[in-house]
Amino acid sequence: MMKKWSRLFTAAALALLLIFASLPAFATTNSEDKQPTTVSQGTGRAVLDNADYFGDLPDSTPVSVDIVLKVKDEHLLQSYIDRSVNPNSAFYHKYLSVHEFENNFGASPATISALTQYLKNYHISTKVYANHLIISASGTAGDFNKAFSVTIQKAKFKGRSFHAAKNGPKLPRFLANNVLAVLGLTNYSELTPRSVKRPLKLTPNASGGPLSLNPSDLIKQYNVGPLYSKGADGTGQTIGIVTLADFNTEDAYSFWQQEGIDVKPDRIHKKLVDGGSDWNGYEETTLDVEQSGALAPKSDINVYVGPNTDTGFVNAFATAIDENTASQISVSWGLSETAITAAIKEQTEDPAYAQVFNQLFEQAAAQGISMFASAGDAGSYDASRDAGTYNLAVDNPADSPYITAAGGTTLPWSYTTRTGVKLNVSSERAWGWNYLYPYFDSLGLNTPKGWASYYFVGGGGGFSQLFATPNYQKGVSGVNQYTAVQLWQPSTDFGSVTPLSDSKIVTGQATGRNLPDVSLNADPYTGYKVYLSDPDTPGSNAGFITLGGTSVVSPQLAGLTALMNSSQNDRIGFWNSQIYRFAKQKNSPFHPLNTTGAENTNLFYTGTEGTIYNQGTGLGTIDVASLADHFQNPFSK
C-alpha cells in the first residue's frame with residue numbers, strides 16, 4: 001500500500017511531510033524555549049476547583065500518566081479521510097496502515113525521543129504507542145511532581161476519592177508545544193455506561209407490551225434478512241468493543257446458544273489494557289458483546305477492557321486502533337460535554353479532553369475502521385445524568401465528528417397500567433419518556449426527585465459545543481436548524497427545572513456538530529434480552545433481563561457493519577461522510593422520523609416535515625439491506 005500512497009498522494013503535501021520529519025525538532029539552545037509552559041489537563045476545572053483537598057499524595061505512590069501529542073498536519077489528515085470514502089476520488093478505499101499513519105501524521109521521532117528522554121531524567125519509564133500520539137508514562141507521584149512542576153494531592157469530589165494536581169502541569173516550551181494534553185495527574189473519572197433498565201416493572205399483557213426482543217426482531221424490523229440470504233455472516237471480520245468493565249465470556253456463549261444462533265467457537269478475545277478493570281458496569285460489556293456478536297455470528301470479538309480512568313479509556317482506544325484488527329469498533333461509555341467543561345456556571349470547555357479522543361478517531365477513519373458511540377440516554381438533557389444540570393447538552397465521545405453517533409427510538413407498543421393509564425405508541429418514534437409521564441404522574445412521581453430519576457430519559461441528541469458542524473452535515477436539510485417541543489423550563493443557572501403546564505412548539509437555529517447520526521430501537525420498554533450471571537461467577541444466578549439505551553444501538557451498528565464488511569472486498573470505512581451523501585439521494589436507505597410534536601421527541605427536539613435530518617433521531621432508522629447495497633455499489637447511486 002505504501003507504493004500506492006506515495007504515488008497517489010499530492011507531491012507537494014508529501015514533500016512537506018518528508019521535509020518536516022527530517023528536521024531535528026528540538027535542536028535549540030534558545031533559553032525561551034526552555035521556559036516552563038502550562039499544558040492542558042483532561043479533567044475540567046469544575047472538578048479541580050470544587051474538590052476538597054486533604055494532603056499531598058505520598059511521593060512513593062505509583063502514578064500512570066498519558067502524554068497525548070498533537071496530530072501533525074491535521075487538515076491534511078481530514079482531507080485524506082474524506083477522499084478515502086469518496087468513490088470519485090483516486091484515494092477511494094486506499095486506507096492507511098498504522099505505520100503509514102505514524103509516518104505521516106504522528107509525532108516525529110525527534111519529538112518522541114526528546115519527550116521520553118526528558119521523562120527518563122526523572123526516572124519515569126515510558127511506552128510509546130505505534131501511532132506516535134500517545135506516550136504512556138509510569139513513575140511515582142514524586143517523580144511526576146518534579147517532571148511537571150505540580151503537587152499531586154489527595155482529593156474528594158461528589159463522594160469519590162481520587163488524586164489531583166490542581167494547577168496545570170508544566171513542561172519546557174519546546175516540549176509543551178507538541179503536547180495536546182496530559183492525562184492521569186488527575187484520575188477522577190465520571191465515565192458511565194449507557195445501558196438503561198426499566199425503572200418500573202410492567203408485566204407483559206395482552207394489550208401489546210412491554211417488549212423484550214431478540215436479535216431476530218431487529219433483523220426483521222430493519223430489513224437485515226437479505227444479507228444473510230446472500231451468505232453474509234461476519235466471516236473474516238473482527239468486532240472491537242471498548243469498555244471499562246470486565247464481564248463473563250460464558251454469558252455471551254449462553255446467550256447465543258439459547259437464542260439458537262450458530263456462532264464461531266472461541267470467538268471472544270478479552271484484552272486487558274493497563275491491567276483491565278473491575279466489574280462495575282459489567283452489564284454494559286455483556287450487552288455489547290451479546291448484541292454485536294449475534295448479528296455477525298461468524299465474526300471474532302475483541303473486547304478491550306481498560307480501567308475507568310482518563311488514561312484507561314484513552315489507552316483502550318489506542319490499543320484497539322493501533323492493533324488495526326477490528327474493522328468496526330463500538331463504545332457505550334461516555335459523559336456529557338458539560339461534565340468535561342470548565343466550571344458549570346460559566347459553561348466553559350476544556351477542548352483538549354475531547355480532542356484527545358477525536359485524534360484517535362481520525363486515525364481510525366484513516367485506517368478504514370468504522371467507529372460507533374452511544375449518543376446518551378437523558379434525551380436532549382445529557383448533563384442531567386452526570387452534572388446535575390438541565391442545559392441542552394450532548395454526549396462525549398459521540399460528539400466527535402469522526403465517530404458515528406447512535407441515537408434511539410421507541411417501537412410501537414401499548415399498555416394499560418394498574419393505575420388506569422393507557423399508554424400507546426402507535427408508530428416508531430424518537431425515544432423520549434414523555435409518553436410515560438402520565439403513568440409516572442399517577443404514581444406521585446411528579447416531584448423534583450422524581451423528575452431527575454424518571455422523567456429525563458431518552459435518546460441523546462442536539463448540538464455540540466466542542467466541535468463545529470462537519471462538512472458532511474452541511475447542506476443537509478434539518479442540520480443546524482430545529483423544531484422542538486418545549487416540555488420543561490430550566491432555571492437561569494440550569495440547576496433546576498419546572499414542567500410546563502402546556503408544551504409548546506419552538507423553532508430555532510444552532511451550530512456545531514449535530515447529533516445523533518442514525519437511530520435504532522433503544523427504549524428499555526421495547527428493549528432487548530441480555531443473559532447475565534453474577535460478576536466473576538459464571539452461571540451463578542444466571543438468567544435474562546431486558547435492557548435498553550443507546551448503548552444497545554452502538555454495538556448493534558458494529559455487528560451490522562461486520563455483517564456488511566464480510567460480503568465486501570474492502571472495509572466500509574468511515575460511515576458519516578458516506579451516509580449523509582446517501583441520505584440526500586432519492587433511494588435513501590434511511591427513514592427520517594420527521595413528524596412534528598410530542599409523539600416524536602427526545603424531550604426537546606422533534607422532527608420537521610420535509611427534512612432529511614433532525615436532532616431527535618438524526619437521519620432516522622436504517623434499511624440495512626439497502627444501506628449495504630449503497631456501500632457496495634456507490635457508483636450506481
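In this text the structure is predicted, and so the values were computed from the model without any measurement.
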Side chains of S551 and S374: do they bring a donor and an acceptor to under 3.5 Å?
no
Pair N131-E102, side-chain donor/acceptor within less than 3.5 Å:
no
Given Q328, which partner from the list T238, N565, T561 fulfils the side chain to side chain donor-acceptor pair (under 3.5 Å) test?
N565
Is there a donor-acceptor contact under 3.5 Å from the side chain of S113 to the main chain of T111?
no
Is the NZ or CZ atom of K127 positioned over Y129's six-membered ring, under 6.0 angstrom from the centre and within 45° of the axis?
yes
Which value, rounded to the nearest 0.5 Å, describes the distance between T61 atom OG1 and D56 atom CG?
10.5 Å
Are side-chain N/O atoms of T126 and T116 paired as donor and acceptor at under 3.5 Å?
no
N121 atom CG, over 12 foreign heavy atoms within 6.0 Å
yes
Within 6.0 angstrom of K146 NZ, more than 12 heavy atoms from elsewhere:
no
Which heavy atom in D377 sits nearest to a heavy atom in D382, and how many Å separate them?
N-OD1, 4.3 Å
Looking at side-chain heavy atoms only, is the closest gap between I369 and F361 below 4.5 Å?
no
A quick test of your reading: do over 12 heavy atoms of other residues, nucleotides or ligands sit less than 6.0 Å from NE2 of H269?
yes
Check D322, N324, N358 against Q363 for a side chain to side chain donor-acceptor pair (under 3.5 Å) and give me the one that passes.
D322
Compute whether any side-chain donor of one residue and acceptor of the other, for D395 and S336, lie under 3.5 angstrom apart.
no
